[in-house]
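Report on one structure; see the data block that follows.
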Amino acid sequence: MCGIIGYCGDKAARPILLDGLKRLEYRGYDSAGLAVADQGKLAVVRAVGKVSDLEKKGIARPLPGHFGIAHTRWATHGRPSEENAHPHCDCRMEIAIVHNGIIENYLDLKEELLAKGHAFRSETDSEVIAHLIEESYDGDLEKAMLRAVQRLEGTFGIAAIHAGSDRQVVIVRRGSPIIIGIGNNEFFAASDAGALLPYTQKVISLNDDEMAVLHPAGYHIKNLNNEFLQKEIEIRETRDDLADKKGYEHFMLKEIFEQPEAIENAFRGRLIENEGVSKLGGLEPVLERLKNVKKLVIVSCGTSYYAGLCGRYIFESLSELHVEVDVASEFRYRKLKMDANTAVLALSQSGETADTIAAIREAKRKGALILGVVNVVGSAIAQITDAGVYNHAGPEYGVASTKIYTSQLVVLTLMALLIGRYQGLSFTEGSALIQAIKKLPRQVKKILTDIEHIKKIAQEYAQYKDFLFIGRQLNYPTAMEGALKLKEISYIHAEGYPAGEMKHGPISLIDENFPTVAVVSQDSTFDKMLSNIQEIKARNGRVLAVASEGSSRIADACDDVIWVPETLPLLQPVLNIVPLQLFAYFIARSKGCDIDKPRNLAKAVTVE
Ligand code: F6R
């Protein structure tokens, strides 16, 4: 959610910190700040808005120094303001900290620290950390940090500096990722390896309750019992995609156009055609257990939740599993019985979503097998699941997810095919599915050639203030996801509904100012969808259909149609969502919205 970067070495810290913040900005972006220390003095600059606003402020006030920390914030406690932006400092302005996560007992700590005479400058939970370190500081930042974190409840990834501890950065983790980047006589700290791309690919990930002390001469890692730890250096081979939109106006558009490749990456090397089955190396360690699983509970949030809803139909159709899908943040409130024959499948693009992590912990407690489908290699969810599958969709910087969603649908189909082939699915059915999966990249490319038509339609619909999106069966989650895309990037009110529910309430909204987007496939739901469309037309509602190619009955019934190629009903959501992504994109563009960084949102939602 928020992003952290820290540096210590021989170079000037400020440009490295600013560059890192720009790479982290997609994660959270309502304010930003940095602290650099030089000759025993701390200089702090903070600004509301984007990193570019901070940069402008920083230029007015040059900051020398070879070590420092920086942060891009997504507000949780306290509105976005300069005072609430990180870094936060102690009373003497010698210690600076940046923090991701939430300190749950901050009110008690603040009261205690106020009583001891500490002066607070912000409304944040994070500021207590700076004052707690100050309380324990006797010339050794590492020891003071160790003592301070013993008092904290909640989640944290923290980086801290003391103006007097020459070029030393201390970091600690519980629940919020933080890694060490290893350079030549220089070290970095970051909440995300992407921030370090131009500098190093060598990283060490801290686990929960571990801390590290970085200094240009070396580093050491300890647990919170003050015991030294040895940890492996990992090489992160990530491309520097953030530097380049490859000629596209926005990352979102670039990522929509990357879908043929992302879909192919999801199934490449994972199809065994002569056996009509899939092969998922990440699930092999638990294959024996998986064959006997009876119940599958999918947990996820937002777009990943809608992928999970599609997953329910896919697993039910291909396997014998009893499938449930839960919004991750609601999972803990259910009284679900789980045992060794239950698998819980967490879907997460970022692999960091706090709600999904909480659901996984709850399911672990109940003894279920925990599986994951995650895009970010080595992310928190990848680490805490028993087994899983990576999407390999490449980094997604547009906050509104596009290519990872379609990739999730493909991976879910491969998982269902794998399990289904142990549970009665025939070779012929498996083979037909494989042939259809292989055609998807070409079919998505075909939709993308229709971009001018979709753009024109989007411009015509951009005037409306409300939308209804409807679909049945697999097109129901597609309608929900289409509505989510529109609301999150264009700020237009849009509701996704199962089409059959329309007559139970939402139809009262329909008039000439309330258009409907109907997602229709040539499947068993076709006739009922047509009736729903006619019910809307009878009430003067304008209808745009996203429909499988060539149906004259749809063309006659609707005001506008975007045609998509036909595939097997189980795979149709992969194609049907693509025009809806473009529809949302072009409406947001015509309204001049900040498409890649919509207001109030963040790419990785690391708070509950
Ligand atoms: C919307 C979007 C979000 C995420 C949700 C879960 O476009 O991307 O709704 O899907 O915040 O995130 P992950 O998938 O990273 O767990």
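Counting starts at 1 for both ligands and their atoms, following the listed order.
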Quiz prompt | Val399, portion touching ligand 1 at heavy-atom distance under 4.0 Å | solution = backbone
Quiz item: Any Lys/Arg nitrogen of Asp208 or Arg173 sitting under 4.0 Å from an Asp/Glu carboxylate oxygen of the other?
Solution: yes
Self-check item: pair Asp466-Glu495: side-chain heavy atoms closer than 4.5 Å
Solution: no
Quiz prompt | Ligand-side contact atoms (ligand 1) for residue partner Ser401, heavy atom cut-off under 4.0 Å | solution = 7 (O), 8 (O)
Practice problem: Evaluate the ring planes of Tyr248 and Phe257, with Trp represented by its six-membered ring, and classify them as parallel (under 30°), tilted (30 to 60°) or perpendicular (over 60°). | Solution: tilted
Quiz item: With distance as the sole criterion, is a donor-acceptor pair present between the side chains of Ser407 and Asn391 under 3.5 Å?
Solution: yes
Exercise. For atom 5 (C) of ligand 1, grab the closest protein heavy atom and report residue, atom and distance to one decimal in Å.
Key: Cys301 O, 3.5 Å
Quiz prompt | Identity and distance of the protein heavy atom lying nearest atom 10 (O) of ligand 1 | solution = Gln349 NE2, 2.6 Å
Practice problem: Check each atom of ligand 1 against the heavy atoms of Glu488 and keep those under 4.0 Å away; list them by number with element. | Solution: 1 (C), 7 (O)
Practice problem: Give the atoms of ligand 1, by number and element, whose distance to some non-hydrogen atom of Ser304 is under 4.0 Å. | Solution: 10 (O), 13 (P), 14 (O)
Quiz item: Between Lys403, Lys254, Lys603, which is the residue that forms a salt bridge (Lys or Arg N to Asp or Glu O under 4.0 Å) with Glu396?
Solution: Lys603
Exercise. Say whether Lys485, considering both its backbone and side-chain N or O atoms, lies within less than 3.5 Å of an N or O atom on ligand 1.
Key: yes
Practice problem: Considering heavy atoms of the protein only, find what lies nearest to atom 3 (C) of ligand 1 and give residue, atom and distance to 0.1 Å. | Solution: Thr303 N, 3.9 Å
Quiz item: So, is Gln408 polar-close to ligand 1, with some N/O to N/O distance under 3.5 Å?
Solution: no
Quiz item: When you measure from atom 11 (O) of ligand 1 to every protein heavy atom, which one gives the shortest distance, and what is it?
Solution: Val605 CG2, 3.9 Å
Exercise. May I ask you to list the atoms of ligand 1 that are less than 4.0 angstrom from any heavy atom of Ala400?
Key: 7 (O)
Quiz item: Given that the side chain starts at C-beta and the backbone is N, CA, C, O, which of these parts of Glu352 lies under 4.0 Å from ligand 1, counting heavy atoms, or is it both or neither?
Solution: neither
Quiz prompt | Donor-acceptor pair between Lys455 and Ser590 side chains, under 3.5 angstrom | solution = no
Self-check item: Distance from atom 16 (O) of ligand 1 to nearest protein heavy atom, with residue and atom
Solution: Thr353 OG1, 2.4 Å
Self-check item: Donor-acceptor side-chain pairing of Arg268 and Asn265 below 3.5 angstrom
Solution: yes
Quiz prompt | Evaluation steps, side chain to side chain donor-acceptor pair (under 3.5 Å), between Ser31 and Asn84 | solution = CA-CA 9 Å; Ser31 49; Asn84 290 336; over 6 Å; no
Quiz prompt | Those atoms of ligand 1 less than 4.0 Å from some heavy atom in Ser348 | solution = 13 (P), 14 (O), 15 (O), 16 (O)
Self-check item: Close N or O approach (Ser350, ligand 1; < 3.5 Å)
Solution: yes
Practice problem: Would you please classify the geometry between the Phe467 ring and the Tyr461 ring as parallel, tilted or perpendicular, with 30° and 60° separating the classes? | Solution: tilted
Quiz item: Do Gln259 and Thr406 have side-chain atoms, one donor and one acceptor, less than 3.5 Å apart?
Solution: yes
